[in-house]
Amino acid sequence: MVKLIASDIDGTLVKDGTLAIDPEYMDVIGRLIDKGIVFVACSGRQFRSERKLFAPIADKLLYVSDGGTVIRTPKEILKVHAMPDEIWKGMCSMVRESMPSCDYFVCTPECCFAEDGGSRMFHWLRDSYGYDIREVPEMLKLKDQQIIKFSVYHQNACEEMCAPLFTPAWKDKTVMAAAGKEWMDCTPIGSGKGPALCFLQKYLGISPEETCTFGDNLNDIEMLQNAGFSYAVSNSRPEVQAAAKDTCPPYWENGVLQILKTFL
């Protein structure tokens, strides 16, 4: 019997970077929670954005945010993975100096920082994702911040832009995951959606066999592999479909919702 459900958001439940979700999700997830099933929003998104998306039932969920670096209940943080300053500052310098077509931002457990408040990336994160993102004049001068994620942004080919220099330089020093065509997320070693799910399984006393997961991108693979029931939406990358036990219809057909209803 399924006791724990964890789902990615962008590309799995909704179109990337939107807060538009079918209201029926709230009803169905609420009913599943009333049956004693734990539901986890497991995303690269900021906690604030996750709560906005699930506003009617936000206080009933658990949250894995910023690519698996922060795990929390609605009221308290259970675990945080932080990144050494020399790592994120080194990545920042590399993008700035060697990747002029890319933008970047850094995350803390509560907010994000970027240098150009007028950029496409800044407005997309603030206005579409609903992030608390703040402009700073000089990223490298940030002090006393718990940085949990560094993200590279390119409008349509981030993975390709990172491949020649950035990825080889940092792949052994951080957990790197392509999150859609726009993002390359870099988080501390030991973090990720897979480890976050393992933490919650142990915390809650729920086995992988009692867990169901949903995802669409490379950063979801570990999470899908650590569940007895796992679904890749049919709009996902081939590698993700290969990692999941099953597939379901794409987000625009509410594929995850169709599966969730079977657990009622």
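In what follows, every heavy atom counts, from backbone to side chain, and hydrogens, waters and symmetry copies are set aside.
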Q | Polar side-chain atom of Ser93 near backbone of Gly90 as donor-acceptor pair, under 3.5 Å | A | no
**Q.** Same cluster (ILVMFWY, side-chain, under 4.5 Å), Val2 and Ile57
**A.** yes
Q. Side chains of Pro109 and Gln146: does their closest heavy-atom pair fall under 4.5 Å?
A. yes
Q | Beyond-backbone contact of Ile33 with Leu61, side-chain heavy atoms, under 4.5 angstrom | A | yes
**Q.** salt bridge (charged side-chain N to carboxylate O under 4.0 Å, His left out) partners of Glu115, counting only residues at least two apart
**A.** Arg96
Q) Under 30°, 30 to 60°, or over 60°: which ring-plane class applies to Tyr231 and Phe214, parallel, tilted or perpendicular? A) parallel
Q.
Taking the side chain as everything from C-beta on, heavy atoms only, tell me whether Ile259 gets closer than 4.5 Å to Asp246.
A. no
Q.
For a quick test of reading the model, state the closest non-hydrogen atom pair linking Asn219 to Ala177 and the distance between them.
A. CB-CB, 3.5 Å
Q) To the nearest 0.5 Å, what is the distance between NZ (Lys35) and CZ (Phe263)? A) 11.0 Å
**Q.** Leu4 side, atom CG; Leu197 side, atom CG - distance, nearest 0.5 Å
**A.** 6.0 Å
Q) Do Cys112 and Leu125 come within less than 4.5 Å of each other through their side chains, counting heavy atoms only? A) no
Q. What residues form a side-chain contact (heavy atoms from CB on, under 4.5 Å) with Ala178, not counting sequence neighbours?
A. Glu159, Met184, Leu218, Arg237
Q) Residues two or more places apart in sequence or in another chain: which of them pass side-chain contact (heavy atoms from CB on, under 4.5 Å) with Glu182? A) Asp16, Trp124, Tyr153
Q. Looking only at heavy atoms, what is the nearest atom pair of Val175 and Pro188, with distance?
A. CG2-O, 3.4 Å
**Q.** Asp220 (side chain) donor-acceptor with Asn217 (main chain) under 3.5 angstrom
**A.** yes
Q: Nearest 0.5 Å please: distance from the CG atom of Asp216 over to the CG atom of Leu224.
A: 9.0 Å
Q | Minimum-distance pair of heavy atoms, taken over all atoms of Arg48 and Asp132 | A | NH1-N, 3.5 Å
Q: Flag yes if Leu204 and Val64 sit in one hydrophobic cluster, no otherwise; membership is Ile, Leu, Val, Met, Phe, Trp, Tyr, and two members link when side-chain heavy atoms are under 4.5 Å apart.
A: yes
Q. If two hydrophobic side chains count as joined below 4.5 Å and joins carry through other members, does Val95 share a cluster with Ile133?
A. no
(Q) Holding to salt bridge (charged side-chain N to carboxylate O under 4.0 Å, His left out), I want the full list of residues that pass it with Lys3, two or more places apart in sequence or in another chain. (A) Glu210
Q) Atom CD1 in Ile189, atom OG1 in Thr174: separation rounded to 0.5 Å? A) 6.0 Å
Q: Assess whether side chain to side chain contact (heavy atoms under 4.5 Å, CB included) is satisfied between Leu13 and Asp8, documenting all intermediate values.
A: CA-CA 7 Å; Leu13 300 182; Asp8 172 55; over 6 Å; no
(Q) Please verify the inter-ring angle class for Phe166 with Phe150; under 30° counts as parallel, over 60° as perpendicular, anything in between as tilted. (A) parallel
Q: Measure the NZ-CE distance between Lys89 and Met139 for me, rounded to the nearest 0.5 Å.
A: 11.0 Å
**Q.** Heavy-atom check, side chain of Gln46 versus side chain of Cys107, under 4.5 Å
**A.** no
Q. Do you know which of Asp103, Asp185, Thr187 makes side-chain hydrogen bond (donor to acceptor under 3.5 Å, both in side chains) with Ser151?
A. Asp185
Q: Take Asn226 and Thr213 through the side chain to side chain contact (heavy atoms under 4.5 Å, CB included) test and state the conclusion after the steps.
A: CA-CA 8 Å; Asn226 198 42; Thr213 55; over 6 Å; no
Q | Co-membership, hydrophobic cluster, residues Met26 and Ile5, 4.5 Å side-chain | A | yes
Q.
Testing the basics here: between Ser7 and Thr12, what is the closest heavy-atom pair and its distance to 0.1 Å?
A. OG-CG2, 3.8 Å
Q: For Glu222 and Pro195, indicate whether the former's side chain and the latter's backbone hold a donor-acceptor pair under 3.5 Å.
A: no
Q: Looking only at non-hydrogen atoms, find the nearest pair between Cys102 and Met161 and report the distance.
A: SG-CB, 3.7 Å
Q: Measure the spacing between CG of Leu142 and CZ of Phe113 and express it to the nearest 0.5 Å.
A: 5.5 Å
Q. Is there a side chain to side chain contact (heavy atoms under 4.5 Å, CB included) between Met99 and Cys162 once you walk through the steps?
A. CA-CA 8 Å; Met99 302 166 64; Cys162 289; 3.9 Å; yes
**Q.** Worked check of side chain to side chain contact (heavy atoms under 4.5 Å, CB included) between Trp88 and Cys186
**A.** CA-CA 9 Å; Trp88 72 263; Cys186 307; over 6 Å; no
Q) Got a sec: does the NZ of Lys15 have more than 12 other heavy atoms crowding it under 6.0 Å? A) no
Q: Please name all residues satisfying salt bridge (charged side-chain N to carboxylate O under 4.0 Å, His left out) with Glu160, sequence neighbours left out, ordered by chain then number.
A: none
Q.
Test of understanding: clusters of I, L, V, M, F, W, Y form through side-chain heavy atoms closer than 4.5 Å, transitively. Do Ile9 and Leu32 belong to the same one?
A. yes
Q.
Does the plane of the ring in Trp183 sit parallel, tilted or perpendicular to the ring in Tyr129? Use 30° and 60° as the thresholds.
A. perpendicular
Q: Would you indicate whether Lys52, at its atom NZ, is surrounded by more than 12 heavy atoms from other residues, nucleotides or ligands within a distance under 6.0 Å?
A: yes
Q: Can you run down the side chain to side chain donor-acceptor pair (under 3.5 Å) pairs that involve residues 55-78, sequence neighbours left out, and say none if there aren't any?
A: Arg51-Asp59
**Q.** Side-chain donor or acceptor of Glu253 paired with backbone N/O of Gly255 under 3.5 Å
**A.** no
Q) How close do Ser98 and Leu165 get, heavy atom to heavy atom, and via which atoms? A) CB-CD2, 3.6 Å
(Q) With a 3.5 Å distance limit and no angle check, can you tell me whether Tyr25 reaches the backbone of Leu257 through a side-chain donor-acceptor pair? (A) yes
